[in-house]
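We use all heavy atoms of the structure for the numbers below, so side chains are in, but hydrogens, waters and symmetry mates are not. Each chain gets a letter, A, B and so on, in the order its sequence line appears, and its residues count up from 1.
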Amino acid sequence: MAEHVYDPYEIESRWQRVWAQERTWEVSNEHDARGSDGNAYVLEMLPYPSGEPHIGHLKCYALGDAIAHFNRRLGRRVLHPMGYDAFGLPAENHAIKTGEHPRDSTAASIASFQRQFRSWGISIDWSRELATHEPSYYRWTQWIFLQLFRAGLAYRKEAAVKWCPHDQTVLANEQVDADGRCERCGHLVEVRQLEQWFLRITDFAERLLNDLDEIDWPANVKTMQRNWIGRSEGAEVTFRCDELGIDYPVFTTRPDTLFGATFFVMAPEHPDVLRLVEGTEHEHEVQEYVNTALNETNEERGNAEKPKTGVALGRTVTNPVNGEQIPMFVADYVLMEYGTGAIMAVPAHDERDHAFATAFGLPIRRVIEPAGGSDAADAGELPYTGDGVLVNCGQEFDGMANRDALGEIVAWLDTEGKGHASVNYKLRDWLISRQRYWGAPIPIVNCERCGTVPVPDEQLPVELPDIEDYTPKGRSPLAAAEQWVNTTCPECGGQARRETDTMDTFVDSSWYFLRYCDPHNDSAAWDPEALREWMPVDQYIGGVEHAILHLMYARFFCKALADLGHLDFQEPFAALFTQGMVTKDGAKMSKSRGNVVSPASIVERVGADTARCYILFVGPPDQDADWSDAGVEGVHRFLSRLWRLAAETAERTGAAGEQFDVSPAMEGEDLALLRKTHWAIDKVGGDLRRFAFNTAIAAVMELLNDCSRLRDAVEDETMRFALASAASLLFPFAPHVCADIYERLTGARVWEADWPHAEEELLETDAYELVCQVNGKLRDRVQAAAGAGPDELKELCKLAPNVQAHLDGKEIVKEIVVPGKLVNLVVR
RNA sequence: GCCCGGGUGGCGGAACGGUAGACGCAAUCGACUUAAAAUCGAUGGCCUGACGGCAUAUGUGGGUUCGACUCCCACCCCGGGCACCA
């Protein structure tokens with residue numbers, strides 16, 4: 001007998017050649033007889049090509065590929081494409097350092113990603129490959145921008161924006177972390193007043209919130225998006241400054257506490273603050289305070305722990321519910337970006353207002369008492385933010401439950417014209433302009449005569465010019481490309497200058513999944529027919545770190561494009577799976593820690609099948625997993641044993657086709673192995689449907705263990721069936737070795753085979769081990785016939801020797817029978 | 001502070017309210033080998049030479065139940081998200 005040695009290198013390269021030559025994973029957009037019900041769009045988030053793929057990529061694509069394969073085997077046509085999020089800062093920073101054009105370094109990275117994805121055997125439709133930095137792609141990114149611009153959803157305004165002094169560019173709110181640092185480089189972010197481009201995502205806040213109910217996403221991701229959108233119901237209430245005759249609306253979620261408002265606070269950025277004190281004794285002090293406040297970093301300003309500061313404006317406003325004059329202040333704890341930039345302060349029932357009132361000696365008036373008694377009304381209990389009964393609110397409202405009063409007070413304000421119900425969101429408009437080179441140019445021309453003019457569609461793409469110096473100097477490096485900047489106005493033909501900012505790369509990645517459906521279309525971003533064939537994505541897969549940014553922006557794009565008639569669906573990703581991180585020795589992998597595991601070295605040592613199986617076997621894929629080289633060896637041993645036993649068996653049986661001479665009429669070990677095989681078929685199918693890849697692989701391991709144990713005890717045909725089934729079931733995880741085994745045993749191609757079917761009658765057994773409990777404790781096990789009734793089972797249990805020992809002299813007070821499982825006798 | 005996850009052997013992890021620890025790793029012993037590696041087999045709390053038996057056990061404390069890793073209440077620890085959003 002020839003010696004059989006598992007050689008992953010030979011097996012993997014051979015099958016990869018087959019798939020590449022035959023373009024096995026390509027799908028067309030043509031409807032086939034099955035119609036679009038038989039389609040599945042399986043998509044992993046596209047990688048940012050920097051250096052080489054890391055273990056996180058391996059996990060993501062191994063996971064997605066398993067789902068893609070499983071869907072194909074269930075008879076669906078599967079769209080499983082790949083592309084690259086190729087614009088971005090790392091390539092540009094590299095260019096600043098070395099002078100290498102970002103296009104060149106990006107191309108090198110992409111080549112490396114392509115090589116590795118192929119070496120992993122991921123079943124990608126390479127005919128649809130794209131990269132966001134190609135003019136043929138960003139032409140349509142620009143087109144989408146102009147669609148939004150014409151619809152009033154893209155606009156330019158001067159605003160206080162987050163500026164990263166290191167990257168020399170502005171950042172979206174979402175790109176600044178909790179400490180007020182740049183998400184990318186970690187530098188403290190500053191605030192600058194600049195004219196910038198924004199997308200009106202806030203118009204979609206309500207729909208972005210409500211439609212979360214329609215999609216099958218992890219609860220934590222939905223929660224994160226809900227928190228980020230931050231919807232609050234309340235009221236807008238007008239406070240009038242009688243001296244100057246100006247109305248100041250405020251937003252509050254607690255109009256029920258209006259009678260407790262004892263002062264009024266404006267944000268330092270509020271445009272009226274200086275006007276209110278102009279020419280008064282307060283002017284100087286206020287001006288100084290505002291200056292100091294505006295120079296604070298996000299980090300300082302955002303710290304809720306720091307003592308409250310502020311200064312009086314020397315003016316008052318009128319509380320609309322009781323006519324009281326309450327003093328006005330400016331304080332940095334009030335934010336300009338939320339609500340109206342001014343608040344009514346209710347120190348008795350708000351912690352921040354309470355802290356401010358205490359620091360400044362301002363009156364604190366309780367207007368809500370906890371239900372259950374007024375003895376609790378001592379000052380030590382304030383601020384009180386819970387519910388209760390109104391007090392000090394005038395005859396009309398006193399004694400009312402605050403939740404009821406809330407509506408009544410708003411209704412009253414409304415009739416008086418002093419306020420109305422209102423909703424506020426934390427979500428801000430999306431700032432998309434970047435003063436950087438390596439991004440899609442914003443397709444706008446600034447003409448002195450015509451103003452802001454969109455570049456006509458037929459002149460797209462506005463191509464990125466080559467430049468000498470990538471160094472950011474507070475303006476876009478593109479501004480130095482004089483020839484490119486100076487142009488003519490598309491409307492009047494006069495002298496004009498191009499917009500020199502580029503777009504945030506999240507714009508590029510907010511629609512790439514649409515382009516995959518029709519990637520070579522050069523007359524439109526997509527053909528609506530193509531989208532109808534594939535969209536929405538049936539299963540999206542990626543890291544939870546994109547829970548807010550990418551996943552919110554992509555949803556926004558779809559809603560906006562649907563409103564403009566370009567799409568006929570609202571949500572891009574019907575189902576989402578977020579994978580956990582891969583760590584080494586319990587820590588995130590990083591160069592500085594020196595604990596990086598490179599997929600290339602693993603694949604070289606043990607093969608892609610082992611690497612892919614291991615990363616899915618190590619634990620539930622949505623949880624973090626710690627990389628263990630010893631664990632990899634274990635999986636490698638498993639695949640070796642499987643392949644060797646299959647090769648030996650095939651040597652005896654030959655590739656004897658996909659029909660197996662096995663039947664439930666078999667006996668003894670043959671029947672046992674047949675049953676085990678059907679058990680595995682049932683188990684793996686169920687596990688795949690719930691993303692329990694670790695237990696699915698474990699089930700095939702169990703099957704192989706039985707095969708090994710019974711290798712000399714069963715007929716060749718039984719063994720051939722068991723091993724071919726094992727290969728068939730494991731194929732989504734270890735495609736090369738399983739294709740090889742399946743071909744050796746059957747002569748057929750496993751990826752063309754239907755997913756195996758578990759026979760109902762082989763999942764049942766005619767006898768089982770009945771668990772016998774006394775007082776809930778396991779005391780014995782006996783064989784019971786499958787069809788045995790409750791009485792029969794009780795008798796069996798009582799006869800079990802060790803049960804008798806525990807029944808000795810005691811009275812049975814209750815008997816629980818779970819047919820097929822156990823009998824529990826309760827004794828006293 | 002608020003909102004999510006998660007605490008199970010030496011380790012990663014299994015377990016519709018029903019045999020806790022599947023599967024894998026590590027360890028120990030044995031077979032094969034001149035030897036090692038690889039491979040194959042066995043073992044895994046305590047008592048017993050063994051047959052067998054016994055108890056303990058899923059972060060802590062209560063509760064529901066014939067029966068709880070699983071459900072309920074309170075608490076502790078770890079990870080993540082949000083956080084002066086009125």
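Within 4.0 Å of A/N705, counting heavy atoms only, lie sugar-phosphate atoms of the nucleic acid but no base atom. Nucleic acid contact for A/T252: sugar-phosphate only, since backbone atoms but no base atoms lie under 4.0 Å from a heavy atom of the residue. A/Q773 comes within 4.0 angstrom of a nucleotide base, judged by non-hydrogen atoms across all strands. Base contact: A/V334 has a heavy atom under 4.0 Å from a base atom. At the heavy-atom level, A/G230 lies nowhere under 4.0 Å from the strands shown. The residue A/E815 sits apart from the nucleic acid: no heavy atom pair falls under 4.0 Å. At the heavy-atom level, A/N694 lies under 4.0 Å from the strands shown only through sugar-phosphate atoms.
Under the 4.5 Å side-chain criterion, counting only non-hydrogen atoms from C-beta, A/F329 is in contact with A/L362. Using a 4.5 Å cut-off on side-chain heavy atoms (C-beta onward), A/C707 and A/L645 make contact.
Distances from the side chain of A/V771 to the nucleotides B/U19, B/A86, B/A22 place B/U19 closest. With distances taken from any side-chain atom of A/A630 to the nucleotides B/C82, B/C84, B/C25, the minimum falls on B/C25. Relative to the side chain of A/K306, the nucleotides B/C84, B/A86, B/G53 differ in distance, and B/C84 lies closest. Looking at the side chain of A/I816, the nearest of the listed nucleotides B/A83, B/C66, B/C16 is B/C66. Checked against B/G13, B/G24, B/A86, the side chain of A/I343 finds its nearest nucleotide in B/A86. For A/K814, counting side-chain heavy atoms from C-beta on, the closest listed nucleotide (B/C16, B/A26, B/C66) is B/C66. Candidate nucleotides B/C54, B/C23, B/U39 were compared by shortest atom distance to the side chain of A/A698, and B/C23 ranks first. Side chain of A/L822, nearest nucleotide from B/C23, B/G18, B/C84: B/G18. Considering only side-chain atoms of A/T695, the nucleotide from B/C84, B/U19, B/A15 that sits closest is B/A15. The side chain of A/T223 lies closest to B/C3, out of B/U19, B/C3, B/A26.
Under the Watson-Crick and G-U wobble criteria, each requiring two contacts below 3.5 Å, nucleotide B/C29 is paired to B/G41. Across all strands shown, B/G1 pairs with B/C82; the Watson-Crick or G-U wobble distances both stay below 3.5 Å. Across all strands shown, B/A15 forms no Watson-Crick or G-U wobble pair with both distances under 3.5 Å. Base pairing of B/C75: its partner is B/G59, meeting the Watson-Crick or G-U wobble criterion (both donor-acceptor distances under 3.5 Å). Both distances falling under 3.5 Å, in either a Watson-Crick or a G-U wobble arrangement, occur for no nucleotide opposite B/U34. With a cut-off of 3.5 Å on both pairing distances, B/U65 has no Watson-Crick or G-U wobble partner at all.
B/G7 and B/G13 are spaced 9 Å apart, taking the P atom of each and rounding to whole Å. Nucleotides B/G67 and B/A15 place their C1' atoms 16 Å apart, quoted to the nearest Å. Spacing of P atoms, B/A22 relative to B/C72, comes out at 27 Å, to the nearest Å. Rounded to a whole angstrom, the distance from the P atom of B/C84 to that of B/G12 is 36 Å. With both ends at atom P, the span from B/A68 to B/U56 equals 13 Å, rounded to whole Å. B/G49 and B/A14 have their C1' atoms separated by 35 Å, with the value rounded to a whole Å. To the nearest whole angstrom, the two C1' atoms, one in B/A74 and one in B/G80, are 24 Å apart. To the nearest whole angstrom, the two P atoms, one in B/G45 and one in B/U28, are 16 Å apart.
Below 30°, between 30° and 60°, or above 60°: for A/F356 and A/F360 the angle between ring planes is below 30°, a parallel geometry. Aromatic ring orientation, A/H636 versus A/Y6: tilted (interplanar angle from 30° to 60°).
Applying the 3.5 Å distance criterion, the base of B/C66 shares a donor-acceptor pair with the side chain of A/N824.
Following rounding to the nearest Å, A/F617 (CZ) and B/C11 (P) show an atom-to-atom distance of 17 Å. As rounded to whole Å, 12 Å separates atom C1' of B/A15 from atom CG of A/D687. At whole-Å resolution of the value, CD in A/Q225 and P in B/C3 are 20 Å apart. A/I615 has its CD1 atom 12 Å from the P atom of B/G13, to the nearest Å. In this entry the distance linking NZ of A/K426 with P of B/C3 reads 13 Å, nearest Å. Atom-to-atom, CD of A/E269 to P of B/C84 comes out at 14 Å; the value is rounded to the nearest Å. The distance from atom CG of A/D626 to atom P of B/C78 is 19 Å, rounded to the nearest whole Å. Taking atom CZ of A/R690 as the reference point, atom C1' of B/C16 lies 10 Å away to the nearest angstrom.
Toward the 5' end of RNA chain B, the nearer of the two residues A/K821 and A/A625, judged by each one's closest nucleotide, is A/A625. Along RNA chain B, the nucleotide closest to A/F638 and the one closest to A/R644 are compared, and the more 5′ of them pairs with A/F638.
In terms of phosphate contacts, A/R779 brings a side-chain nitrogen or oxygen within less than 4.0 Å of OP1 or OP2 of B/A55. Remark: A/R226 is not in phosphate contact with B/C82, judged by side-chain N or O atoms under 4.0 Å from OP1 or OP2. At B/U56, one or more side-chain N or O atoms of A/K777 fall inside 4.0 Å of OP1 or OP2 (strictly under the cut-off). The side chain of A/R641 places an N or O atom within less than 4.0 Å of a non-bridging phosphate oxygen (OP1 or OP2) of B/C40. Of the side-chain N and O atoms in A/S232, one or more sit less than 4.0 angstrom from OP1 or OP2 of B/A86.
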* To do: List the steps and the verdict of salt bridge (charged side-chain N to carboxylate O under 4.0 Å, His left out) for A/K798 and A/E815.
  => CA-CA 11 Å; A/K798 285 176 195 166; A/E815 297 168 335; 2.7 Å; yes
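Anti is the classification of B/G45, since its glycosidic angle lies more than 90° from 0. Taking syn as a glycosidic angle within 90° of 0, B/G5 does not qualify and is anti.
Geometrically, A/K308 engages A/Y333 in a cation-pi contact defined by less than 6.0 Å to the ring centre and at most 45° from the axis.
Distance alone, capped at 3.5 Å, is enough to place a donor-acceptor pair between the A/H349 side chain and the A/Y384 backbone.
The number of heavy-atom neighbours closer than 6.0 Å to CD of A/E351, taken from other residues, nucleotides and ligands shown, is 12 or below.
A/W627 and A/Y614 have their aromatic ring centers within a separation under 6.0 angstrom.
Donor-acceptor pairing under 3.5 Å is recorded for the side chains of A/N402 and A/D256.
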